[in-house]
Amino acid sequence: MTIGLLTEPLVLVLFSNIFAAAGRWEEVSKLREEMQIKGLKKEPDCSWHDEGRGLNLHPLSRMVLPSIISKLAASYVFSRAAYLSSCSRRMSNVPENSVYGGPKSQNPDQRVTLNNLRKKYRSAEPITVVTAYDYPSAVHVDEVGIDICLVGDSASMVVHGHDTTLPISLDEMLVHCRAVARGAKHPLLVGDLPFGSYESSSQQAVETAVRVLKEGGMDAIKLEGGAPSRIAAAKAIVEAGIAVMGHVGLTPQAISVLGGFRPQGKNVASAVKVVETALALQEVGCFSVVLECIPAIVAAATTSALRIPTIGIGAGSFCSGQVLVYHDLLGMMQHPHHAKVTPKFCKPYGRIGEAINKALLQYKEEVTNKSFPSAAHTPYKISPDDLNGFLTELQKMGLDKAASAAAAASTSTSEKTEGL
Ligand code: KIV
């Protein structure tokens with residue numbers, strides 16, 4: 001849009017009239033405000049007066065080329081729509097083919113929906129899942145087109161430094177969820193229900209799940225385990241209208257009864273339990289189930305038994321998709337404690353921890369030996385006149401030492417700049 005044209009009173013008034021004719025009073029009043037803010041005045045051949053609820057133009061303006069007006073109006077409307085869509089969260093609940101929206105093709109820019117996941121699953125396309133805990137990790141996950149972004153309670157370990165996932169609270173999880181929701185615009189967002197926030201009753205589980213969506217901005221929740229009370233909780237959450245991802249096999253929130261982070265499904269009873277639990281979760285309406293740390297053969301059987309996607313982690317390749325923890329897959333952890341908790345099944349796709357370590361060491365070195373900041377990173381200047389005035393003021397204030405320091409800095413800065 002030609003900005004210059006928009007500042008013309010005539011054009012602003014024309015827009016007002018176009019929007020008024022369309023009954024778009026919000027835009028009309030915004031344009032009026034803009035005119036007032038810009039201090040634009042009415043001009044003699046452009047009358048601008050209220051007539052009831054609209055604005056009237058001088059007859060001259062009615063003769064202005066209609067095609068220009070329509071182009072300008074279209075451009076204004078489109079740029080505003082583009083602005084609004086860049087501001088608003090892309091919801092996965094935008095109707096795709098519903099009584100509200102009518103048949104619509106799926107916008108590739110839109111958030112991944114359960115329908116998209118079903119389509120992938122049916123066509124045997126692997127589903128990609130990665131965890132994220134904050135805005136930058138969410139932006140990275142978003143940019144590469146990952147299908148599901150999981151705000152895992154693994155945050156307890158990889159972000160907060162705890163030994164287990166047990167200590168993280170719901171309020172802490174909600175902070176992570178909100179940051180991720182701001183950064184990840186496309187993937188389906190799944191928030192983990194943390195330990196202690198859903199085990200007491202189905203009512204507690206529903207209340208927590210509602211908070212994860214309402215306050216955390218997630219699209220769905222994940223809960224661990226398959227005890228009857230857990231299946232009942234998953235059912236109640238689905239009935240409350242919230243999509244649920246199950247999680248079986250090694251369920252880290254249950255290390256107290258599992259006796260530590262131990263793989264599951266390694267004997268007949270345990271392998272059968274994995275399949276049974278996953279089937280029970282499917283029965284109550286879960287849209288997907290995470291299979292953690294089980295033999296690939298058990299994962300293959302479970303995946304085959306289900307009509308919903310399985311997402312594997314340490315469960316081999318016979319799953320409908322895979323999930324890894326962001327920090328683990330990036331090779332982010334350098335601290336010996338973290339090296340200890342990076343699981344065996346995790347493939348580091350980067351050595352980001354080493355890169356961070358190297359950069360921090362270099363920064364420390366350059367600050368210590370005063371090579372940072374160099375002239376290249378000292379962008380703000382004072383003009384010679386202002387410098388002289390400043391030195392005089394410092395002297396008047398009796399700050400002779402400060403004046404000498406400023407004068408010396410000015411010589412050394414200009415020498416450095418010349419040397420560039
Ligand atoms: O919390 C988490 O990150 C998880 C994944 C490991 C599945 O539950």
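Just follow the structure's listing: the first ligand is 1, and inside any ligand the first atom is 1.
Of the candidates V274, V272, L279, V272 is the only one forming a side-chain contact (heavy atoms from CB on, under 4.5 Å) with E276.
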Practice problem: Apply side chain to side chain contact (heavy atoms under 4.5 Å, CB included) to the pair H176 and I168, showing each step before the final yes or no. | Solution: CA-CA 11 Å; H176 293 297; I168 197 162; 4.0 Å; yes
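The pair R211-D171 meets the salt-bridge criterion, since a charged nitrogen lies less than 4.0 angstrom from a carboxylate oxygen. Between K235 and E239 there is a salt bridge, with a side-chain nitrogen of the basic residue lying less than 4.0 Å from a carboxylate oxygen of the acidic one.
Residue-level proximity to ligand 1 for T165 is absent, since no heavy atom of it falls below 4.0 angstrom.
When only interatomic distances are considered, the shortest N/O to N/O separation between D153 and ligand 1 falls below 3.5 Å. Residue-to-ligand polar distances place S154 within reach of ligand 1: an N/O pair is separated by less than 3.5 Å. The distance criterion of under 3.5 Å between nitrogen or oxygen atoms is not met by E224 with respect to ligand 1.
Every atom of ligand 1 is numbered from 1 in the order shown, and the set under 4.0 Å from a heavy atom of T131 is 3 (O).
Side chains of S137 and D134: a donor-acceptor N/O pair is present below 3.5 angstrom, by distance only.
When the options E292, K222, H327, M245 are ranked by their closest heavy atom to atom 8 (O) of ligand 1, first place goes to K222.
Here the OG1-CD distance, from T310 to Q282, works out to 11.0 Å after rounding to the nearest 0.5 Å.
Closest to atom 5 (C) of ligand 1 among all protein heavy atoms lies L150 CD2, 3.7 Å. In this structure, atom 6 (C) of ligand 1 lies nearest to the protein heavy atom I313 CD1, 3.5 Å.
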